[in-house]
Amino acid sequence: NTGRNKIALIGSGMIGGTLAHLAAKKEMGDIVLFDIAEGMPQGKALDLSQCGPVEGFDAKITGSNDYADIAGADVIIVTAGVPRKPGMSRDDLLGINLKVMKAVGEGIKNNAPDAFVICITNPLDAMVWALREFSGLPHNKVVGMAGVLDSARFATFLAWEFDCSVKDVNAFVLGGHGDTMVPVLSYSTINGIPVKDMAKIKGISEDRLDAIVQRTRAGGGEIVKLLGNGSAYYAPATSAIAMAEAYLGDQKRILPSASYVTGKYGVDGMYVGVPTVIGAGGTEDVVEIELTEDEKTNLKVSTDAVEELLEACKALDSSLA
Ligand code: A3D
C-alpha cells in the first residue's frame, strides 16, 4: 500500500483514457488502466505519465491486461465493452456487453472485492445490475453513472437558452439512461429560481422548454451522429470522476445515479436513476422526491423499459435468472 488511493479503470478506450487523464490531473491516486487489447493500455499509460512533468502531477499510471493488477483498488470505473455506432440504440449493445460484464464482474470479485465500482457501460441500467450480480459485491458498492451526465446535458441546454452561467443551473434527471429518461423541470432551478418561473420572467415559451427536455433525452445520440464513430467521452468521464470524488472524500453529495432501489419510487429490486447520497459508505441513501402525476407516468415508462432489459439479460445468461 502506497498510502495513496488506487483507481482501476476497466476498459481503456475513449472514456477510460479520459478518466485516467482527469484522475491524474486531480491527483486522485495511482491509476491502473486495464483492457483486453494488448499494448493499448500500456501505451496510454506511458503517454499519460509523460503529462506529469509538464502538468506537475504525481500519479503512478500503469497499463495492464492482467486482473491481478487491480488488486487493492479503492475505486473501479468500468467502461469495458463496445460503444454505439450511428443508428444503434443503447439496447442494441446488450448481448455483447453482457458477456463483457460477466468477465469484468468475475475479475473484480476475485481481485478487488472492497472497491467502490462505478459502471458506465451501456445499456447502463441493465449492465450495472448484471455487473453487480456477476461480481457479488454489496449493492451499495456498485453504482451506475448516467444521471450526472444527463443532468449536465440538461443544464448546458438550459444555460444556453436562459443565457446564464452553467454554474447557476441545477438540473435534474430521473429514470433509466435511455430515450425514456425523465428530465424533471419542477426540480430544476437557476440559482434557486424554478426554471418555469425564470422562463416566465425571460419570456421563454413552454415549447422551448419542451424542446430542451427532448434534446436532453436525445443528447447522447446527437453526439454519436456528429462523431460518426463512437460516442461521447469527455462529459461521461468528467461525470464519473465527480462520483468517485464523492466516495473518496466522503462528500455525501446528492448525485443522480443508477442505484439499487428497493421500494422507493414504486421500484423493487432494480437499478434505476435516482437522487443518491454518495459518501464513504458508497451509495448511502436514495432520496425520494415528490413527483407530479405526469412525471410519475414518465418514470414508470422508463423503469418498465429497464425491466424489459433485465428480462432480456436473464434470457441470455441463465446464471442471472
Ligand atoms: P471504447 O473507446 O470502445 O472503449 C471500450 C474499451 O473496452 C475498448 O478499449 C475495448 O478494448 C475494451 N473492452 C472490450 N471488451 C473488454 C473486456 N472484456 N474487458 C476489458 N476491456 C474490454 O468505448 P468508450 O470508452 O467510448 O465507451 C465505453 C462504454 O461506455 C460503451 O458501452 C458506451 O456505450 C458507454 N457510454 C455510456 C455513457 C453513459 O452515460 C452511461 C456515456 C457514453 C458512453
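Counting convention: from 1, in listed order, for ligands and their atoms alike. Positions are given from 1, in the same order as the sequence printed here. From a predicted model like this one, the values you see are computed outputs, not experimental measurements.
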Quiz item: For atom 37 (C) of ligand 1, what's the nearest protein heavy atom and its distance?
Solution: Ile120 O, 2.9 Å
Quiz item: Should Gly81 be listed as contacting ligand 1, given a heavy-atom distance under 4.0 Å as the test?
Solution: yes
Practice problem: Give a yes-or-no answer on whether the side chains of His177 and Asp150 include a donor-acceptor pair shorter than 3.5 Å. | Solution: yes
Quiz item: What's the shortest distance from atom 39 (C) of ligand 1 to any protein heavy atom, and which residue and atom give it?
Solution: His177 NE2, 3.4 Å
Practice problem: Please work out whether any backbone atom (N, CA, C, O) or any side-chain heavy atom from C-beta onward of Asp150 is under 4.0 Å from ligand 1, and answer side chain, backbone, both or neither. | Solution: neither
Quiz item: Within less than 4.0 angstrom of ligand 1, does Met40 place any heavy atom?
Solution: yes
Self-check item: atom 27 (O) of ligand 1 [closest protein heavy-atom partner, distance rounded to 0.1 Å]
Solution: Ile15 CD1, 3.6 Å
Quiz prompt | From Asn97, Asn122, Val100 - option closest to atom 34 (O) of ligand 1 by heavy atom | solution = Asn122
Quiz item: Are the side chain of Glu311 and the backbone N or O of Glu308 linked by a donor-acceptor pair below 3.5 Å?
Solution: no
Self-check item: Main-chain N/O of Lys314 paired with Ser318 side-chain donor or acceptor, under 3.5 Å
Solution: no
Quiz item: To the nearest 0.1 Å, how far is atom 15 (N) of ligand 1 from its closest protein heavy atom, and which atom is that?
Solution: Ile36 CD1, 3.5 Å
Quiz prompt | Common cluster, Ile241/Val277, ILVMFWY with side-chain heavy-atom separation under 4.5 Å | solution = no
Quiz prompt | Test item: side-chain donor near acceptor, Glu106 and Ser135, under 3.5 Å | solution = no
Practice problem: Compare Val148, Thr18, Thr121, Asp35 and give the one whose heavy atom is closest to atom 6 (C) of ligand 1. | Solution: Asp35
Practice problem: Measure from atom 21 (N) of ligand 1 to every heavy atom in Ala103, Gly220, Gly107, Ala80 and give the option owning the shortest one. | Solution: Ala80
Exercise. Measure the distances from the heavy atoms of Ser231 to every atom of ligand 1 and state whether one is below 4.0 angstrom.
Key: yes
Exercise. List for me each residue that meets side-chain hydrogen bond (donor to acceptor under 3.5 Å, both in side chains) alongside Arg132, sequence neighbours excluded, and say none if there are none.
Key: His139
Quiz item: Using a heavy-atom cut-off of under 4.0 Å, does the side chain or the backbone of Met145 touch ligand 1, or both, or neither?
Solution: both
Exercise. Report the nearest protein non-hydrogen atom to atom 29 (C) of ligand 1: residue, atom name, distance rounded to 0.1 Å.
Key: Thr79 O, 3.5 Å
Quiz item: Which residue owns the protein heavy atom closest to atom 4 (O) of ligand 1, what's the atom, and how far is it?
Solution: Gly13 CA, 3.3 Å
Quiz prompt | side-chain contact (heavy atoms from CB on, under 4.5 Å) partners for Lys25, two or more places apart | solution = His21, Glu55, Phe57
Exercise. Among all protein heavy atoms, pick the one closest to atom 3 (O) of ligand 1 and tell me residue, atom and distance.
Key: Pro83 CD, 3.3 Å
Exercise. Give a yes-or-no answer on whether the side chains of Asp294 and Thr292 include a donor-acceptor pair shorter than 3.5 Å.
Key: no
Self-check item: Closest protein heavy atom (residue, atom, distance) for atom 32 (O) of ligand 1
Solution: Val82 O, 3.0 Å
